[in-house]
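Quick notes on the structure that follows.
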Amino acid sequence: MSARSGGTVTHPSGDVAERAAAGFSAQFGGQASGRWAAPGRVNLIGEHTDYNEGFVLPFALPMRTVVAADRQDGEHWTVWSELSGEAITFGADDVAEPGRVTGWGAYVAGVVWALREAGHQVPGARLAIASDVPLGSGLSSSAALESAVLAALLDLGGLALAPALQPRLAQRAENVYVGAPTGIMDQSASIRCRAGHALFLDCRDESVEHIPFDLGAAGLAVLVIDSRAPHRHADGEYASRRRSCEAGASALGVAALRDVGIDQLDAALAHLDDEETRRRVRHVVTEDQRVLDTVALLRAARVRDIGPLLTASHVSMRDDFEITVPEVDTAVEAALAAGALGARMTGGGFGGCVLALVEADRADAVAAAVTDAYAQRGFTAPGTVTVLPSPGAARLL
């Protein structure tokens, strides 16, 4: 279930919640006591601003991970995954410290570990997992898994944990137990988003505001394009960008690049000697401002007007942060040429997905144009889906 896995998964047919319930019955017998779902997410704008203590604006996707679950006696947990077709069991000793459960099961064990570390009495449980969040596409399949498991265990155990505190716990499971260096955005979006809204998240104090994002009323949709270039952070590029940002902040004498306002940018860049660091700083400062400008437009119900900001974000990621790849750039260029109001890569970079703001009745035409451009370049055909802002984690029944 790792978001760092390559490729795109073809899932079985049928509703994902029904598949989870059927998997539970087949694996464990009987019926689960409930089903809990958490979505993947796409970041509308605000890339590589999170670890610079800046601003992001994700929204939840309709694609979900669903956990069908019930309690079982003792301190052990049995988990079946539709994706792998296997069941694993781990006990209290396995969640005593990070690293004892590996593979996809680490994301489940990590949530149990994080809850126990926070002082909660976590009930033993049987869990069956099904998902239609694509893997390896930068849509936060791992956060969806963690958030769905967390919702299930909180309910099964009658555990009290305020929604505002849940993302940090799920992030700790991924950062410490799994060992993946994700920021707070993914889990925040999966847990705290609302239908019809984007989540304006301040990554310094973790405060949120739900910003109306009514695409339907504006006659618009977001087309998500899977570039088929696997989304990877493990090659050192992500860490390199982060080091550049930290070096820039240190040279400028600020705690984080979020503290450099757009009106201070020219003076800040003139203070930096290294050209690469200047480019990295310029991206972060201008990207934070683009998030703020996008929020202002959405508050004013000017959804169409955010398109140029999305495109400017992509140009900045391509030229200043240097995290795009040919498949991603081709998708953006083709979408814009076919009439998209704006388009940008979304996610950490070096692959993953593109989002395009399109007229709802033009979504198929834009998708076809991107597919044609891929064929002309000899790329593997992209995946496309039209999405609307969806709700965060919840119990289904």
Side-chain angles (χ1 to χ4, degrees), residues 1-16 19 39-44 47 59 61-65 82-84 130-142 144 215 220-235 237 307 310-311 313-315 317-318 323-388 390:
M1 288 287 179
S2 170
R4 293 186 291 174
S5 301
T8 299
V9 173
T10 300
H11 296 281
S13 60
D15 177 76
V16 65
R19 299 197 323 256
R41 67 96 185 99
V42 68
N43 192 22
L44 182 62
E47 231 59 76
F59 65 89
L61 295 168
M63 292 86 86
R64 304 172 298 172
T65 294
E82 175 190 71
L83 179 61
S84 69
S131 183
D132 56 10
V133 183
L135 305 191
S137 299
L139 301 180
S140 294
S141 58
S142 58
L215 292 165
L220 301 174
V222 168
L223 178 69
V224 175
I225 303 158
D226 183 348
S227 72
R228 300 296 205 242
H231 175 80
R232 301 186 184 95
H233 290 162
D235 57 4
E237 294 289 352
L310 304 181
T311 304
S313 172
H314 184 79
V315 171
M317 288 187 286
R318 183 191 67 202
I323 54 174
T324 69
V325 295
E327 293 95 331
V328 163
D329 291 332
T330 296
V332 168
E333 293 159 9
L336 293 172
L341 302 178
R344 65 183 289 273
M345 187 196 74
T346 183
F350 312 104
C353 283
V354 164
L355 63 81
L357 183 68
V358 299
E359 303 285 353
D361 60 4
R362 289 280 301 162
D364 288 345
V366 174
V370 174
T371 300
D372 289 345
Y374 264 50
Q376 292 171 17
R377 295 286 300 272
F379 297 148
T380 301
T384 58
V385 62
T386 303
V387 300
L388 296 174
S390 300

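- Of all heavy-atom pairs between P62 and L388, the closest is CD-O, 3.8 Å.
- When atom types are taken as modelled, the side chain of S227 and the backbone of G352 share a donor-acceptor pair closer than 3.5 angstrom.
- Of the inter-residue distances, the one linking M63 atom CE with S140 atom OG reads 11.0 Å to the nearest 0.5 angstrom.
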When you look at L135 and L83, which way does the side chain to side chain contact (heavy atoms under 4.5 Å, CB included) test go after all the steps?
CA-CA 10 Å; L135 305 191; L83 179 61; 3.4 Å; yes
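- We find the CG-CG distance between L355 and L223 to be 9.0 Å, quoted to the nearest 0.5 Å.
- Counting heavy atoms from C-beta on, the side chains of L310 and L357 come closer than 4.5 Å.
- Side-chain contact check for L139 versus C353: some heavy-atom pair is nearer than 4.5 Å.
- Counting only heavy atoms from C-beta outward, the side chains of V366 and I225 never approach each other to under 4.5 Å.
- Of all the heavy atoms in R318 and T324, the pair that sits closest is CG-OG1, 3.5 Å.
- Residues L341 and L220 are in side-chain contact: their nearest non-hydrogen atoms beyond the backbone lie under 4.5 Å apart.
- Shortest non-hydrogen contact noted between I323 and G348 is CD1-O, 3.7 Å.
- The backbone N or O of M345 lies less than 3.5 Å from a partner atom in the side chain of H314, making a donor-acceptor pair.
- Considering only heavy atoms from C-beta on, R344 stays 4.5 Å or farther from V332 through its side chain.
- The distance from atom OG of S390 to atom CZ of R64, rounded to the nearest 0.5 Å, is 9.0 Å.
- By the 6.0 Å contact criterion, CG on D364 is open, its count of non-hydrogen atoms from other residues, nucleotides or ligands being 12 or less.
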Pair L215, V222 - check side chain to side chain contact (heavy atoms under 4.5 Å, CB included), show working.
CA-CA 8 Å; L215 292 165; V222 168; 3.8 Å; yes
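- Residues P382 and Y374 share a closest heavy-atom pair of CD-CD2, 3.4 Å.
- For the pair E333/D329, a side-chain contact is recorded, criterion being any heavy-atom separation below 4.5 Å from C-beta on.
- Nearest heavy atoms, A367 versus T384: CB-OG1, 3.8 Å.
- Using a 4.5 Å heavy-atom cutoff, the side chains of V328 and T330 are not in contact.
- Using a cutoff of 4.0 Å between basic side-chain nitrogens and carboxylate oxygens, E327 and R377 are not scored as salt-bridged.
- When all heavy atoms of A369 and A338 are compared, the closest pair comes out as CB-CB, 3.6 Å.
- Judged purely by distance below 3.5 Å, without hydrogens or angles, the side chains of E47 and N43 pair a donor atom with an acceptor atom.
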